[in-house]
Novice: 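To start, I am sharing the structure in question, which I have written as structure tokens.
The basis for the numbers below is simple: all heavy atoms, side chains too, and nothing from hydrogens, waters or symmetry mates. The first residue in the sequence is number 1, and the count goes up from there.
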Amino acid sequence: MDSVEKGAATSVSNPRGRPSRGRPPKLQRNSRGGQGRGVEKPPHLAALILARGGSKGIPLKNIKHLAGVPLIGWVLRAALDSGAFQSVWVSTDHDEIENVAKQFGAQVHRRSSEVSKDSSTSLDAIIEFLNYHNEVDIVGNIQATSPCLHPTDLQKVAEMIREEGYDSVFSVVRRHQFRWSEIQKGVREVTEPLNLNPAKRPRRQDWDGELYENGSFYFAKRHLIEMGYLQGGKMAYYEMRAEHSVDIDVDIDWPIAEQRVLRSILVSFRYGYFGKEKLKEIKLLVCNIDGCLTNGHIYVSGDQKEIISYDVKDAIGISLLKKSGIEVRLISERACSKQTLSSLKLDCKMEVSVSDKLAVVDEWRKEMGLCWKEVAYLGNEVSDEECLKRVGLSGAPADACSTAQKAVGYICKCNGGRGAIREFAEHICLLMEKVNNSCQK
């Protein structure tokens with residue numbers, strides 16, 4: 001069970017000092033944070049994700065794709081689906097980050113250059129946000145680099161702030177690590193234990209461990225933030241599960257970070273968060289031919305015959321899905337040569353010269369007795385948009401058009417005709433493993 005510290009505490013000192021900007025004008029508020037007279041309004045709790053464009057470690061790290069989703073998209077999805085906030089905001093100075101935030105349904109605060117410097121603190125950016133949003137009573141500052149954050153954690157913390165009267169709540173994680181003093185040349189020549197007796201080393205199961213801040217979120221009331229604090233007043237911590245406490249460090253290679261996140265999701269089938277909709281087992285994958293199976297290039301021989309190419313990895317991906325009991329079908333709006341496609345020996349049903357892809361997929365779905373949630377679709381063009389929005393699982397190659405990418409839940413790292421089908425097939429298998437394990441519990 002998640003444990004929570006519920007004792008009051010005095011305010012901590014402010015290590016950063018009071019920001020130089022003046023305080024925003026005070027509004028007349030009632031005891032619940034409502035403005036004016038009449039029926040009391042509940043305090044306005046706003047989620048705020050800080051996402052500066054000038055990351056030193058990884059350029060535009062906050063919107064770099066991690067397991068098919070922009071990094072910031074993981075926490076935005078959790079915040080929006082939690083239903084705990086009256087508003088969800090991204091504070092940024094970058095156009096691309098703004099566009100991604102809006103695609104996920106967040107509002108955007110364009111931060112000033114004053115609070116977008118390398119030397120700017122989180123507190124500086126939060127205070128600027130409050131200067132422009134007098135309606136906000138409580139800020140839930142969520143770290144953009146916490147992709148395994150779950151909505152239930154945010155719901156519980158919101159309840160602590162609103163119902164239990166805490167002024168600030170921050171996230172921690174329990175670790176079982178023995179600490180030793182650092183050896184400093186000329187000062188200390190030997191190390192000493194800091195939290196254990198070496199003569200009586202406890203077993204892990206006999207030791208409660210220690211709590212560490214993990215930086216996933218900091219909730220604080222307006223009056224506290226205006227005094228220059230994110231932690232203080234009546235203060236509590238919220239203990240997150242270890243599998244939810246994954247932070248993408250700027251110093252770690254991205255592929256390693258991605259595997260770390262996927263491994264965390266795999267370990268925690270019951271707790272990994274993939275969105276509000278309940279996953280169903282996929283029974284059918286429909287794939288666009290031009291730009292997904294192929295790279296979209298068409299070659300014509302001297303005798304006017306059409307020649308196309310595909311990646312063997314994608315053929316293996318199709319085979320992988322078939323072995324898992326998932327039917328794969330191909331579709332194209334172009335009058336492709338069925339003879340040419342048959343020569344690829346993929347053994348897939350296909351439909352070409354299709355003017356209405358949604359109607360064809362709907363017909364296939366009904367023919368197989370499936371609901372839309374049991375259908376996956378990999379598309380790359382505007383003509384795929386309606387199918388991508390309707391199915392239970394949607395994907396697009398890395399080089400798909402922007403319309404297709406905005407409509408999907410997973411964007412591949414691979415381009416069309418260059419391994420995108422194989423990558424999406426592995427993603428489907430990962431999610432189906434989660435579904436099957438959930439059914440067994």
Side-chain angles (χ1 to χ4, degrees), residues 47-80 88-106 108-111 116-118 120 122 125 141-150 214-217 244-266 272-275 378 380 388 394-416 418-420 422-424 426-427 430-431:
L48 179 62
I49 295 94
L50 306 178
R52 192 167 60 94
S55 172
K56 275 189 170 182
I58 303 172
L60 291 178
K61 172 190 66 177
N62 292 310
I63 56 173
K64 185 175 174 66
H65 282 89
L66 183 78
V69 176
L71 180 59
I72 197 173
W74 291 93
V75 294
L76 283 175
R77 187 162 58 187
L80 289 161
V88 176
W89 294 83
V90 171
S91 170
T92 187
D93 60 339
H94 200 279
D95 291 342
E96 289 184 51
I97 296 175
E98 176 177 355
N99 291 337
V100 171
K102 288 179 177 177
Q103 286 173 24
F104 276 84
V108 173
H109 168 76
R110 288 296 296 218
R111 68 165 76 176
S116 300
K117 303 172 185 175
D118 290 339
S120 300
S122 296
N141 176 216
I142 302 172
Q143 184 87 348
T145 55
S146 300
C148 291
L149 181 65
H150 201 283
N214 65 359
S216 283
F217 53 76
H244 290 176
S245 183
V246 176
D247 181 46
I248 303 302
D249 195 314
V250 295
D251 297 323
I252 194 169
D253 288 338
W254 198 264
I256 296 173
E258 188 163 45
Q259 288 304 311
R260 188 174 164 195
V261 171
L262 289 173
R263 190 163 56 245
S264 174
I265 292 170
L266 280 167
Y273 187 66
F274 288 86
L378 184 67
N380 64 301
L388 292 168
S394 58
D399 57 348
C401 73
S402 60
T403 299
Q405 290 197 0
K406 288 177 183 177
V408 302
Y410 184 92
I411 299 176
C412 301
K413 295 191 293 291
C414 299
N415 288 342
R418 295 290 183 268
R422 172 65 182 268
E423 182 184 341
F424 193 49
E426 290 177 348
H427 178 65
L430 171 69
L431 296 187

Novice: Identify the heavy atoms of Ala396 and Leu378 that sit nearest to each other, and give their distance.
Specialist: N-CD1, 3.6 Å
Novice: Taking the side chain as every heavy atom from C-beta outward, state whether His94 and Asn99 have any atom pair closer than 4.5 Å.
Specialist: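 No; the side chains remain at least 4.5 Å from each other.
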Novice: How many angstroms lie between atom CG of Leu50 and atom OG of Ser122, to the nearest 0.5 angstrom?
Specialist: 5.5 Å
Novice: I need the minimum non-hydrogen distance between Leu76 and Ala106, along with the two atoms involved.
Specialist: CD2-CB, 3.7 Å
Novice: Rounded to the nearest 0.5 Å, how far does CG of Asn62 lie from CD1 of Ile72?
Specialist: 5.5 Å
Novice: Taking atom CD1 of Ile97 and atom CD1 of Ile49, what is their separation to the nearest 0.5 Å?
Specialist: 12.0 Å
Novice: Who are the salt bridge (Lys or Arg N to Asp or Glu O under 4.0 Å) partners of Lys102, not counting sequence neighbours?
Specialist: Glu98
Novice: Can you name the nearest heavy-atom pair linking Ala398 to Cys412, along with the distance?
Specialist: CB-O, 3.2 Å
Novice: Verify, without hydrogens or angle tests, whether Asp93 (side chain) and Gly53 (backbone) share a donor-acceptor contact under 3.5 angstrom.
Specialist: yes
Novice: Would you please classify the geometry between the Phe424 ring and the Tyr410 ring as parallel, tilted or perpendicular, with 30° and 60° separating the classes?
Specialist: tilted
Novice: So which atom in Ala420 and which in Pro397 form the shortest heavy-atom distance, rounded to 0.1 Å?
Specialist: CB-CB, 4.0 Å
Novice: Measure the OG1-NZ distance between Thr145 and Lys61 for me, rounded to the nearest 0.5 Å.
Specialist: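 That separation rounds to 5.0 Å.
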Novice: Are any non-hydrogen side-chain atoms of Val90 and Phe104 less than 4.5 angstrom apart?
Specialist: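 A side-chain contact under 4.5 Å is absent here.
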Novice: Sequence neighbours excluded, which residues qualify as salt bridge (Lys or Arg N to Asp or Glu O under 4.0 Å) partners of Arg422?
Specialist: Glu426
Novice: Which distance, rounded to the nearest 0.5 Å, do you find between the NE2 of His244 and the CG of Asn214?
Specialist: 11.5 Å
Novice: When you measure from the side chain of Asn380 to the backbone N and O of Asp399, does any donor-acceptor pair fall under 3.5 Å?
Specialist: no
Novice: From Arg77 CZ over to Leu149 CG, what is the distance, rounded to the nearest 0.5 angstrom?
Specialist: 11.5 Å
Novice: Do the non-hydrogen side-chain atoms of Arg52 and Arg111 ever get within less than 4.5 Å of each other?
Specialist: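 Counting from C-beta outward, Arg52 and Arg111 do come under 4.5 Å.
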